[in-house]
A.B. asks: 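Sharing a structure here in structure tokens format.
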There are 2 protein chains.
Amino acid sequence: MGKITMKDVARMAEVSMSTVSRVLNNPESVHAEKRQRVLKVIEAENYHPNALARGLVYKRTQSLGVLLPDISNGYVAEVIRGMEDTANSHGHSLILCNTDMNRERMLKYLRVLKEKQVDGIIFMSEPVTGELNDLFTELQLPVVLASTQSLEYNLPSVKVDDEQAAYDAAVYLIEKGHRKIGMISGPTFDVISGATRYYGFQRAVNEKLGSRADGMVEFGHYRFEDGYIAMKRLYGRKPDITAVFAASDEMAVGAITYLREKGMRVPGDVSVMGYDNTKFASMYTPKLTTVAQPMYEIGSTAVEKMIDRLDGEVSGDERTYLSHKIVERESVAEI
Amino acid sequence: MGKITMKDVARMAEVSMSTVSRVLNNPESVHAEKRQRVLKVIEAENYHPNALARGLVYKRTQSLGVLLPDISNGYVAEVIRGMEDTANSHGHSLILCNTDMNRERMLKYLRVLKEKQVDGIIFMSEPVTGELNDLFTELQLPVVLASTQSLEYNLPSVKVDDEQAAYDAAVYLIEKGHRKIGMISGPTFDVISGATRYYGFQRAVNEKLGSRADGMVEFGHYRFEDGYIAMKRLYGRKPDITAVFAASDEMAVGAITYLREKGMRVPGDVSVMGYDNTKFASMYTPKLTTVAQPMYEIGSTAVEKMIDRLDGEVSGDERTYLSHKIVERESVAEI
DNA sequence: CTGAAAGCGCTTACAG
DNA sequence: CTGAAAGCGCTTACAG
């Protein structure tokens with residue numbers, strides 16, 4: 001016995017296919033008795049409509065493609081969780097694509113997603129280049145950016161205001177009495193989370209301390225090792241530092257690891273503040289004081305924005321900023 | 001200008017649709033000159049074949065559904081990464097489904113995946129109940145289990161030998177000179193990773209120390225807080241304990257957190273060993289000695305197994321065990 | 001309220 | 001090597 005189709009159901013219920021289709025899509029429009037007959041057969045035969053056939057005529061698949069750098073990254077995984085919950089509750093599915101920031105791989109995915117007729121694409125891989133933007137319009141696929149944005153193109157996006165968040169973090173440290181504050185920044189060529197957080201930090205130091213943070217900044221790629229190395233350089237140059245703001249929790253932990261190896265206590269001798277509030281942050285010792293991004297909400301909001309657009313309800317603002325907050329825990333001391 | 005279809009390409013290249021279809025699927029079979037003409041139009045018009053239409057006739061979608069408990073879990077995310085890479089390199093896509101171990105939600109997903117005509121399902125949510133097994137066969141969808149398995153049903157699966165891994169961990173601790181060894185186990189009703197690791201631990205204690213681990217075991221649900229609480233109870237009852245084996249890295253870290261609050265040093269006073277080797281483990285201080293599961297490989301092997309089956313190459317063994325290993329770091333001391 | 005027919009965009013025998 | 005036609009499993013006007 002092969003798969004049972006709508007035609008089979010129609011035959012067994014002694015109605016036309018149109019009627020079966022109607023009880024599925026617009027039950028009210030069919031006579032109660034016939035409807036029951038059809039429903040009974042559907043149940044008995046365990047009939048499942050074929051979404052491919054349906055998608056072919058609807059020109060809608062209820063599937064969204066999501067391009068992300070790497071799902072094994074805790075931050076990314078949390079955002080995806082928010083996306084998936086929201087997509088699911090709206091009857092959509094998510095097709096996962098790890099780009100590894102690799103151009104070839106991304107192009108291939110984009111082609112596949114197009115062929116599979118996804119309704120839209122959620123993009124969180126990286127900043128949007130001109131080439132990429134052209135591709136999006138060429139593909140004629142709606143795009144929403146999550147946790148990234150496009151400065152040049154007017155693409156809808158959802159993220160935190162990184163500049164302001166970093167500013168707030170620095171101010172927090174300053175209000176705790178710190179004056180010699182270092183930063184472990186992301187790379188400045190990363191215009192989304194590198195340069196922005198760097199500028200926010202600088203602005204705070206400028207405004208509140210009236211100084212430039214000369215020599216107080218090191219750079220890394222957000223990973224543990226980067227934080228370790230950056231801290232080493234920073235400490236080597238400025239041993240009188242009393243606080244460090246890292247652009248990621250991982251780098252913060254890397255920095256703490258280095259400091260401890262040097263016999264410094266955190267936060268006793270040096271305070272360290274992170275960014276992201278990954279799960280990790282509250283399990284570490286000392287529990288990390290950090291800038292919390294609403295990861296789950298970034299994901300769910302991005303999907304909501306996508307679905308609104310698919311439904312024709314374009315919300316006015318393209319760029320949505322979700323609010324960050326500072327989570328006070330144990331890694332920053334008042335002095 | 002609407003989407004361009006194969007029919008349009010045929011018209012523009014002045015050939016039949018059959019020919020266009022052939023240059024796409026079996027280029028050699030069409031005359032070189034015509035082939036070029038078609039290719040040119042495809043390129044110029046940026047034509048993308050519709051995978052829904054294709055899937056409708058092929059009865060293959062090159063899509064796999066993956067049911068998992070929660071993607072924001074670091075262990076799960078790493079396994080998924082392995083799946084996605086492998087799926088991608090075989091031209092398959094992954095549809096992500098977070099079940100949260102919720103039955104309703106799982107059933108809904110299963111229905112959607114069936115309707116979307118996925119070629120198969122990778123299941124890593126939980127042990128397979130009778131009801132679930134019935135559903136799988138009813139749905140007529142091939143299933144491969146990742147990081148779980150079915151004792152009752154002969155479903156293909158990929159995982160580590162948990163009993164042996166826990167045994168090895170306990171033996172490792174014993175060989176380091178420990179005699180008073182506690183365990184923080186998963187719940188015994190979890191027959192996959194709870195009971196198995198618990199038995200492995202017991203077997204080692206039995207064989208090597210000739211004793212039963214009476215009162216030396218506490219239970220938790222693998223999370224940080226569970227580890228903390230379990231350690232508290234364990235320590236309250238057995239303050240002379242010198243080593244603890246936790247069934248997850250998170251619980252290990254929770255245990256360490258408690259011990260430190262009590263002024264104990266790890267591993268100076270008490271050694272702690274974890275399980276999983278999540279990223280976290282090497283960033284923590286002290287870096288965690290732990291049982292490494294090959295998470296990425298579990299994912300990629302599961303997908304390979306699925307694809308082999310879809311291609312009709314059923315490998316002999318249903319149950320694949322990947323090897324674990326003990327990663328020595330800093331949280332266990334020799335005494 | 002209901003059914004016959006056309007159409008969604010492909011592929012695959014079947015002829016030639 | 002190539003094209004016309006049927007078919008994959010649905011939905012949607014259009015009549016009735």
Side-chain angles (χ1 to χ4, degrees), chain A residues 1-39 41-42 45-63 111-119 140, chain B residues 1-39 41-42 45-63 111-119 140:
Chain A
M1 122 210 177
K3 300 279 184 288
I4 142 154
T5 71
M6 182 172 278
K7 195 190 226 167
D8 300 318
V9 175
R11 184 173 34 74
M12 302 175 90
E14 301 181 293
V15 296
S16 70
M17 281 179 61
S18 321
T19 298
V20 178
S21 179
R22 283 187 198 101
V23 346
L24 253 25
N25 303 306
N26 187 10
E28 295 315 306
S29 76
V30 10
H31 191 77
E33 191 234 342
K34 263 186 177 165
R35 197 197 312 153
Q36 287 315 318
R37 226 158 67 205
V38 172
L39 254 15
V41 176
I42 287 180
E45 299 298 318
N46 199 248
Y47 166 69
H48 291 273
N50 184 321
L52 297 184
R54 180 181 295 204
L56 201 52
V57 2
Y58 274 158
K59 283 155 188 351
R60 266 270 224 154
T61 54
Q62 307 281 96
S63 294
R111 189 170 48 64
V112 170
L113 291 175
K114 173 68 181 178
E115 294 187 356
K116 293 200 170 170
Q117 314 295 119
V118 295
D119 296 332
Q140 306 191 63
Chain B
M1 121 210 179
K3 300 280 184 290
I4 142 157
T5 73
M6 182 173 277
K7 194 190 227 168
D8 301 318
V9 174
R11 185 171 35 72
M12 301 174 91
E14 300 179 294
V15 297
S16 71
M17 281 179 60
S18 320
T19 299
V20 177
S21 179
R22 283 188 198 100
V23 346
L24 253 25
N25 302 307
N26 188 9
E28 296 313 307
S29 76
V30 12
H31 191 75
E33 190 234 342
K34 264 187 178 163
R35 195 197 313 152
Q36 286 315 316
R37 228 159 65 204
V38 172
L39 254 15
V41 176
I42 286 179
E45 300 298 318
N46 198 250
Y47 166 69
H48 291 273
N50 184 322
L52 297 184
R54 180 182 294 204
L56 201 53
V57 2
Y58 274 157
K59 283 156 188 347
R60 265 271 224 155
T61 54
Q62 307 279 98
S63 295
R111 189 170 47 68
V112 170
L113 292 174
K114 174 67 180 178
E115 294 188 356
K116 291 200 171 170
Q117 314 295 121
V118 295
D119 296 333
Q140 306 190 65

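In what follows, every chain begins at residue 1, and chains take the letters A, B, ... in the order their sequences are listed.
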A.B. asks: Hey, is the side chain of T19(A) poking within less than 4.0 Å of OP1 or OP2 on dG3(C), counting only N and O atoms?
C.D. replies: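 For dG3(C), OP1 or OP2 has a side-chain N or O of T19(A) closer than 4.0 Å.
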A.B. asks: I'd like to check V9(A) versus T5(A) (side-chain heavy atoms, cut-off strictly below 4.5 Å). Are they in contact?
C.D. replies: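 Not touching, per the 4.5 Å side-chain cut-off.
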A.B. asks: Not counting sequence neighbours, which residues clear salt bridge (Lys or Arg N to Asp or Glu O under 4.0 Å) with R60(B)? List them please.
C.D. replies: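 D119(B), D311(B).
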A.B. asks: Name all residues meeting the salt bridge (Lys or Arg N to Asp or Glu O under 4.0 Å) criterion together with E14(B); count only those two or more places apart in sequence or in a different chain, and write none if there are none.
C.D. replies: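 Counting only residues at least two positions away or on another chain, E14(B) forms no salt bridge (Lys or Arg N to Asp or Glu O under 4.0 Å).
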A.B. asks: Without decimals, in angstroms, what is the distance between L56(A) CG and dC8(D) C1'?
C.D. replies: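 In whole Å, dC8(D) C1' and L56(A) CG are 9 Å from each other.
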A.B. asks: Distance from D8(A) atom CG to Y47(A) atom OH, nearest 0.5 Å?
C.D. replies: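 Reported to 0.5 Å precision, the distance equals 9.0 Å.
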A.B. asks: For E33(A), what residues pass the salt bridge (Lys or Arg N to Asp or Glu O under 4.0 Å) criterion, not counting sequence neighbours?
C.D. replies: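 With sequence neighbours excluded, E33(A) shows a salt bridge (Lys or Arg N to Asp or Glu O under 4.0 Å) to R37(A), given in chain and number order.
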A.B. asks: Mind calculating the distance between CZ (R35(B)) and P (dC1(D)) to the nearest angstrom?
C.D. replies: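 Answer to the nearest Å: 9 Å.
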A.B. asks: Considering residues at least two apart in sequence or located in another chain, which fulfil the salt bridge (Lys or Arg N to Asp or Glu O under 4.0 Å) criterion with R54(A)?
C.D. replies: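 Salt bridge (Lys or Arg N to Asp or Glu O under 4.0 Å) check on R54(A) returns nothing, list empty.
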A.B. asks: Just to confirm, is there a sub-4.0 Å distance from OP1 or OP2 of dT2(D) to any side-chain nitrogen or oxygen of K34(B)?
C.D. replies: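 For dT2(D), OP1/OP2 do have a side-chain N/O of K34(B) under 4.0 Å.
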A.B. asks: Assess the side chains of S63(B) and K116(A): does a donor N or O sit below 3.5 Å from an acceptor N or O?
C.D. replies: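 Judged by distance alone, the side chains do pair up.
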A.B. asks: Grab the CD-C1' distance between E28(A) and dC1(C) for me, whole Å please.
C.D. replies: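 Atom-to-atom, E28(A) to dC1(C), this comes out as 13 Å.
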A.B. asks: Atom NZ of K3(B) to atom P of dG7(C): distance rounded to whole Å?
C.D. replies: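 Value for this atom pair: 21 Å.
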A.B. asks: What is the distance, rounded to the nearest whole Å, between atom CD of Q117(B) and atom P of dC8(D)?
C.D. replies: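 Taking CD of Q117(B) and P of dC8(D), I get 14 Å after rounding.
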A.B. asks: Produce a footprint string for nucleotides 10-16 of chain D: one letter per nucleotide, 5' end first; B if the base is under 4.0 Å from any protein heavy atom, S if only the sugar-phosphate is, - if neither.
C.D. replies: BBBB---
A.B. asks: I'd like to check V38(B) versus L24(B) (side-chain heavy atoms, cut-off strictly below 4.5 Å). Are they in contact?
C.D. replies: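 A side-chain contact is absent here, since even the closest heavy-atom pair is not under 4.5 Å.
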A.B. asks: So what does the secondary structure string of DNA chain C come out as, 5' to 3', with Watson-Crick or wobble pairs under 3.5 angstrom, [ ] for crossing and | for pairs with another strand?
C.D. replies: |||.||||||||.|||
A.B. asks: In whole angstrom, what separates H31(A)'s NE2 from dC1(C)'s C1'?
C.D. replies: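 Taking NE2 of H31(A) and C1' of dC1(C), I get 9 Å after rounding.
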A.B. asks: How far does CG of L52(B) sit from CD of Q117(B), to the nearest 0.5 angstrom?
C.D. replies: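 The CG atom of L52(B) sits 10.5 Å away from the CD atom of Q117(B).
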